[in-house]
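Encoded as C-alpha cells, the structure appears first; notes follow it.
In what follows, every heavy atom counts, from backbone to side chain, and hydrogens, waters and symmetry copies are set aside. Each chain gets a letter, A, B and so on, in the order its sequence line appears, and its residues count up from 1.
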Number of protein chains: 2
Amino acid sequence: MLAAERRDHLLGLLAREGKIVAKEVAAELGISEDSVRRDLRDLAAEGLCQRVYGGALPASPAVVDYDARQALAPDGKPKVAAVAAALVRPGGSVILDGGTTALAVARALPKDLACTVITHSPTIASALIDHPRAELFLLGGRVFKHSAVTCGAAAVEAAQNVTADVCLLGVTGVHPEAGLTTGDVDEAAMKRALSARAADTYILASYEKIGTASPYRVLPWEKITGLITDADPRDPVVEQLETLGVQVLVAR
Amino acid sequence: MLAAERRDHLLGLLAREGKIVAKEVAAELGISEDSVRRDLRDLAAEGLCQRVYGGALPASPAVVDYDARQALAPDGKPKVAAVAAALVRPGGSVILDGGTTALAVARALPKDLACTVITHSPTIASALIDHPRAELFLLGGRVFKHSAVTCGAAAVEAAQNVTADVCLLGVTGVHPEAGLTTGDVDEAAMKRALSARAADTYILASYEKIGTASPYRVLPWEKITGLITDADPRDPVVEQLETLGVQVLVAR
DNA sequence: CCTGTTCTTGCACGTTTCTGCATGTATCTT
DNA sequence: AAGATACATGCAGAAACGTGCAAGAACAGG
C-alpha cells in the first residue's frame with residue numbers, strides 16, 4: 001500500500017464515518033500504529049483533520065467545508081449518515097430524500113459501491129456524479145427552492161415509476177404525538193410518495209429534531225421501518241417512540 | 001514495447017485500479033523501475049497523474065476536468081454566456097442544456113430575473129437555486145455521469161411535457177458538413193428532444209468547437225435559429241456557416 | 001551503405017524518504 | 001494514585017528516488 005494511498009484512505013474514512021481510531025485502522029491495514037499516527041499528524045498539520053487522543057476527527061467545518069457550517073448538528077449528521085449509508089447493500093437500491101442529512105448520507109456512501117440511487121435532489125445528484133459504480137436516477141419536476149428538491153405533481157408522478165429496497169427520508173420534526181412532520185405541504189406529499197415506492201422507509205433525524213414538530217404531517221409511525229438518530233437512547237422521547245413500536249437505530 | 005504504448009498502459013492501469021506501484025509494473029512489464037519512474041514523472045508533468053512515493057495516483061478528476069476545460073476556453077465561455085443570457089426575456093422561458101457553457105449561462109442570468117428555466121442538468125439546477133424569481137423545472141431521468149445531465153427514454157419523455165420560448169444547446173462540434181455534433185448518442189437524442197420543445201434554438205459554441213466534429217449528429221442546420229460564438233467573424237468556417245443561412249451572434 | 005546524432009534504456013551511486021521498534025513522556029481511566 | 005494506553009522522538013534498516021553515464025537502437029543525411 002502506497003503512503004499517499006493510505007492518506008487518502010484515512011480522509012475517506014473520516015468523511016464516511018466521522019472519526020478515525022488509530023489502533024483500529026492500523027490493525028485493518030496491517031501497518032503499525034506509528035505510521036497511522038504519523039499520517040494523522042501530517043493531515044492535521046495541513047488542516048485536513050483534527051487530531052484527538054486515540055485518533056482523529058474531521059477538521060472544524062469552518063475550515064474544511066463552508067456548507068457544513070450551516071448544519072445544525074456539526075458532528076451528529078455524519079454519524080447518522082454513516083448508519084444510514086450502511087443500510088444500502090451492494091447491488092441494492094435506495095431512494096434518497098433531499099436536505100443536509102441526506103446529503104451527508106450521499107457523501108458517506110463508499111466511492112466504489114455498486115448501487116442504484118434515486119433522488120429528487122439535484123444537489124445530491126451532483127454529489128454522486130463521482131461515484132463511478134452508482135446508477136443515478138433523478139426525479140424531475142418543479143424545483144422547490146427552499147429545500148432544493150423537486151416537488152409537486154410532476155415529481156410525485158415521476159416517483160410512481162421507480163421502486164427501491166429502502167427509502168431514507170429527512171424530516172424537520174419527530175414527535176411522539178405529532179408524528180413525522182415537515183414545513184411544506186408539497187414536500188410532505190413528495191416524501192409520502194417516495195416512501196410508498198420502497199420496501200423499507202427509515203427516517204433520518206439528528207438529535208435536535210427529536211421532540212419537535214412542524215406544520216405538515218409526513219407519515220404515521222406505522223408506515224416507517226425505523227428511525228436513525230444520534231440522540232441519547234435514554235432520551236424520554238426516544239423511549240416513548242420505542243413503546244410505539246418504532247425501531248430506533250442509534251448512531252454513536 | 002513502445003514507450004508510448006507503455007505510457008498508455010500506465011494511464012489505463014491508473015484508470016482501472018486507481019493506483020500504480022512502480023515496482024509492480026516494472027516487474028510485470030519486464031522493464032526497469034527507472035523507466036517506469038521516468039514515465040510517471042513525465043505523466044505527472046503533464047498533469048495526467050499525481051506522483052507519490054512508491055508510484056502514482058490519478059490526478060484528481062476535478063482538477064483534470066476543470067483545468068482541462070478551462071484551458072480550452074479561458075475566457076470565451078463567459079462572453080458567449082452573456083450573449084446567450086440576454087436572449088432570455090423577463091417573464092420568458094428557456095430550456096437550458098447541460099455542460100460548462102450552459103452553466104456559464106446560468107451564472108450570467110441576472111439574479112432577480114423573473115423567468116422559467118427548464119433544464120436536465122442537476123448542476124445547473126443547483127446553480128439557479130439562489131435566483132429567487134426564477135421558476136425552475138428539472139427534467140428527470142437516468143443521470144449520464146460523463147456530462148452530469150439526465151438522458152435516456154425517461155428524460156426524453158419528461159421533455160415532451162414542457163414548452164419554452166428559447167432553447168440554448170451546447171455541442172462539442174460545429175462543422176459546416178458534419179453539422180452540430182456531440183460525443184454520446186443518448187445525449188444527442190436528448191438535445192434533439194429539448195430543441196423540439198422551444199420556439200427558437202440557439203447553439204452555444206465557444207471558438208474551439210468551431211470546425212470540429214464529434215461522432216453523433218444532434219441537429220441539421222435548418223432546425224436551429226442561430227449560433228452564439230466568440231470565434232472571429234471572419235473565420236472561414238463561420239463565414240461558410242453564414243452562407244448556409246445560419247444566424248451567427250458573435251460575442252466580443 | 002555508412003556515419004554522426006539523438007533518444008531511450010538500464011545500471012551504479014549517493015541521497016532522501018519511509019517504516020517499525022525502542023525509549024521515555026504525557027494523558028486517560030479506575 | 002497507579003496502571004494502562006497513547007504519544008513524540010530518535011534510530012536503523014529498507015526502499016524509493018534523482019542523477020550521471022554508457023551501451024544500444026532509431027533516424028537523418030551524405
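Per the geometry, CZ belonging to Arg51(A) stands 10 Å off C1' belonging to dA8(D), to the nearest Å. What separates NZ of Lys19(B) from C1' of dA16(D) is a distance of 15 Å, to the nearest Å. Separating the CD atom of Glu24(A) from the C1' atom of dT5(D) is a distance of 14 Å, rounded to the nearest angstrom. Rounded to an integer number of Å, the gap from CG of Leu29(B) to P of dT9(C) is 12 Å. In this entry the distance linking CG of Leu2(A) with C1' of dA16(D) reads 11 Å, nearest Å. Regarding Asp42(A), its CG atom lies at a distance of 12 Å from the P atom of dT9(D), rounded to whole Å.
Note on Lys23(B): a side-chain N or O is less than 4.0 Å away from OP1 or OP2 of dA16(D). Look at Arg41(B) and you won't find any side-chain N or O under 4.0 angstrom from OP1 or OP2 of dC17(D).
For the residue pair Ala125(A) and Leu138(A), the shortest heavy atom distance occurs at CB-CD1, 4.0 Å.
For DNA chain C, the residues of residues 30-40 of chain B within the heavy-atom distance limit of 4.0 Å (strictly under) are Ile31(B), Ser32(B), Asp34(B), Ser35(B), Arg38(B), sorted by number.
Put simply, the side chain of Thr181(B) gets close to the backbone of Ser214(B): a donor and an acceptor are under 3.5 Å apart. Proximity of a side-chain donor or acceptor of Thr182(B) to a complementary backbone N or O of Ala188(B) within less than 3.5 Å is not detected.
Counting non-hydrogen atoms of other residues, nucleotides and ligands closer than 6.0 Å to CZ of Arg51(A) gives a total above 12.
The existence of a salt bridge linking Arg6(A) and Asp39(A) is confirmed by a sub-4.0 Å separation between a basic side-chain nitrogen and an acidic carboxylate oxygen. Between Lys23(A) and Glu33(A) there is no salt bridge, since no side-chain nitrogen of the basic residue lies less than 4.0 Å from a carboxylate oxygen of the acidic one.
Of the candidates dC18(C), dC17(D), dA6(D), dC18(C) carries the atom nearest the Ala3(A) side chain, counting heavy atoms from C-beta on.
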